[in-house]
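Below you'll find the structure, written out as structure tokens, and then a few comments.
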Amino acid sequence: MDNGSQRLLLVASAVIGGLAFWRLLIWVPTKVLMASYNSWFFVPIDAYPQMIFAMAAAMVFHRRGQLREAMEDRGSPALAALPLLIGVALFLWGHYVDTMSVVLLSFMFVSLGASLLWYGVRFAKTLLLPLAVLAFAFPIPATLTNQAFAGLRVATATHATALLSLTGLSVIREGNLIHGSGVLAHVIDTCSGLGFIQVLTLAAVFYVGWFPARTLRGALLIAVAPAIAFVFNLARVCVIILDPSSDLSETHAMQGWLVFGGSISGLLFADFVLGRWLPNRPPQAPRSEPEDTQGISLPSASGDRARGGPAAVVLAGLLVAMLGVSVWMPSWTPPETRPKLDTNLPAKLGPWKLDREMAIDRNFLWTVRFHKQVYRQYERDGEVVAVFIGYDDRSDRRRSPISPKNAVPGRGYEIVERGPVAVPPWTSKAEWVLSRVGSIRFLSFYWYEGTESLARETLRAVLALDQSPLGRTQPARVIRLTATVGQTPRAREEAKARLHDFAASLAEALGG
């Protein structure tokens, strides 16, 4: 195949490949976008993928010189085979289940595979940072955001309490509550800093890609970005607590821009410090390639032969097939009805009688949303047990019942101890949690039904398996039983026995 034919095949492959992924350009991850741009600073940033696509495209354009130089290398069909196979499989699955985030993963693998096939390792390595930027457009599974929000807001409350104490305020922390003389603050999910961490980490990856530095220096700058974002968000939270009536505390857009600007300044300062420690090496003179007697560089000639081989023709045909799939392939149709969730608990569970309905602390749960839930208190001969059951029908992959928040009933609960416990006749792995609010202590048992490990649940969410023919038909649920407990070891054993008795009565009612 001559040079003109090779060039035509390459251009045609690029155009057809771009058309095959056209639906990504109009992709809206959420049905209702956030009200305004300032929400980028407080929630995960996956609601605006086109902004991230533009950043990745700008980085590719900025690296056009490096990419042009890398085009002289030989292609690597053997290395390209695996990412191309994964990319095609994800493409077919993403269109079948009508999930564009899976198609985005496919684009990343196909881009990597095509780069290896045509131009080899150096070209593919040059694309790694733009692909890393592109990864920020992928919606973080709720299984992971639930974990991150729960941990970050406790960490924010802990460090904010320490900083406020340095100002002379007498404050204490209980769970995610900070209170003291004239101070009462509830650190909610949007105050945890996850949005800031994502935005600043994205900015760090883009910065490292735009201003190339030594690999170690760039890696350290990206690694330190989440800590910088956490510190500046912590300062924002402290300002709000110190003066909750100020205009700054009421204007989230102003908060976001000030903290984002401060975080960027902190990132640049960190790069300055790293630059003193790890200065960039002076640029090397371009190497001269040996030429044959006809004046043709040997690497270019061998690379041209690799790019004009059968593998490149197969890739072009594969991209044509993918374009056809994107236009004509029908998507899987979910069933019109899902199993009905029965959340009705009887007023009498063996010897236990319904005492009252309990209020669910939705401001505490915040991002943990259940399709249905029930929260009641039962009584037996003066003994009281509260039961919470949250159901997830698995219809929305952006929601997950798995969260550390399920360990306690609401805000202000400080976990003292925890450990595994068997709760027969229930067969699921359960955990006991000893918590307190002020001087009152509580013992809880909680466990999940119909769920798998965190890693497996995350994988199912990434691939949208529960929104496909491979979905689980039975709903997931979390069950928590809570009772007050005294200070003595005997009181704890009595509370455990009370919870075990109630769990047995509950199993008879729910068939557990």
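Only a predicted model underlies this, so the values are computations on that prediction, with no experimental measurement involved.
Using modelled atom types, no side-chain atom of T201 and backbone atom of Q198 make a donor-acceptor pair closer than 3.5 Å. Under a 3.5 Å cut-off, the side chain of N233 and the backbone N or O of F230 do not form any donor-acceptor pair. Side-chain atoms of N406 come within 3.5 Å of backbone N or O of P401 as a donor-acceptor pair. When atom types are taken as modelled, the side chain of R122 and the backbone of E69 share a donor-acceptor pair closer than 3.5 angstrom.
Taken to the nearest 0.5 Å, the OG atom of S428 stands 13.0 Å off from the OH atom of Y446. Annotation: the span from T458 atom OG1 to I402 atom CD1 amounts to 7.5 Å, rounded to 0.5 Å. One finds the NE2 atom of H371 at 10.5 Å from the CG atom of D396 (value rounded to the nearest 0.5 Å). Separating the CH2 atom in W210 from the CE atom in M59 is a distance of 7.5 Å, to the nearest 0.5 Å. Taking CD from Q474 and OH from Y391, the interatomic distance works out to 11.5 Å, rounded to the nearest 0.5 Å. To the nearest 0.5 Å, atom CG of residue L274 and atom CZ of residue F269 are 10.0 Å apart.
Figure legend: cation-pi geometry between R477 and F370 absent, as NZ or CZ is not positioned both under 6.0 Å from the six-membered ring centre and within 45° of its axis.
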Query - Verdict with supporting geometry, W426 and L510, side-chain contact (heavy atoms from CB on, under 4.5 Å) - result: CA-CA 11 Å; W426 302 90; L510 298 182; 4.2 Å; yes
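Contact check for N176 versus F149: no side-chain heavy atoms found under the 4.5 Å cut-off. In this structure the side chain of L112 never reaches within 4.5 angstrom of the side chain of S115, judged on heavy atoms. Contact annotation: the side chain of W27 approaches that of L104 to within less than 4.5 Å [non-hydrogen atoms, C-beta and beyond].
By the 6.0 Å contact criterion, CZ on F107 is open, its count of non-hydrogen atoms from other residues, nucleotides or ligands being 12 or less. No more than 12 heavy-atom neighbours from other residues, nucleotides or ligands sit within 6.0 angstrom of NE2 on H159. The environment of R23 atom CZ is dense: over 12 non-hydrogen atoms of other residues, nucleotides or ligands sit within 6.0 angstrom. Residue-environment remark: CZ (F109) stays at or below the threshold of 12 foreign heavy atoms within 6.0 Å.
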Which pairs would a plain distance check flag for residues 314-322, meaning a side-chain donor or acceptor within less than 3.5 Å of a matching protein atom at least two apart in sequence or in another chain?
none

Report, one line per pair, each donor and acceptor closer than 3.5 Å where one atom sits in a side chain of residues 77-97; sequence neighbours left out.
{"unit_1": "W93", "atom_1": "NE1", "unit_2": "L463", "atom_2": "O", "d": "2.7"}

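Residues satisfying the salt bridge (charged side-chain N to carboxylate O under 4.0 Å, His left out) test with R480, not counting sequence neighbours, are none.
Salt bridge annotation for E457-R472: present, with a cationic side-chain nitrogen under 4.0 angstrom from a carboxylate oxygen. Taking 4.0 Å as the cut-off between side-chain N and carboxylate O, K372 and D393 do not count as a salt-bridged pair. We find that K405 and D361 are not joined by a salt bridge, their nearest charged nitrogen and carboxylate oxygen being 4.0 Å or further apart.
With 3.5 Å as the limit, one finds no donor-acceptor pair spanning the side chains of T143 and S400. When only modelled atom types and interatomic distance are considered, R397 and T99 share no side-chain donor-acceptor pair under 3.5 Å.
Contact between P49 and A137 at its shortest, heavy atoms only, is CB-CB, 3.9 Å.
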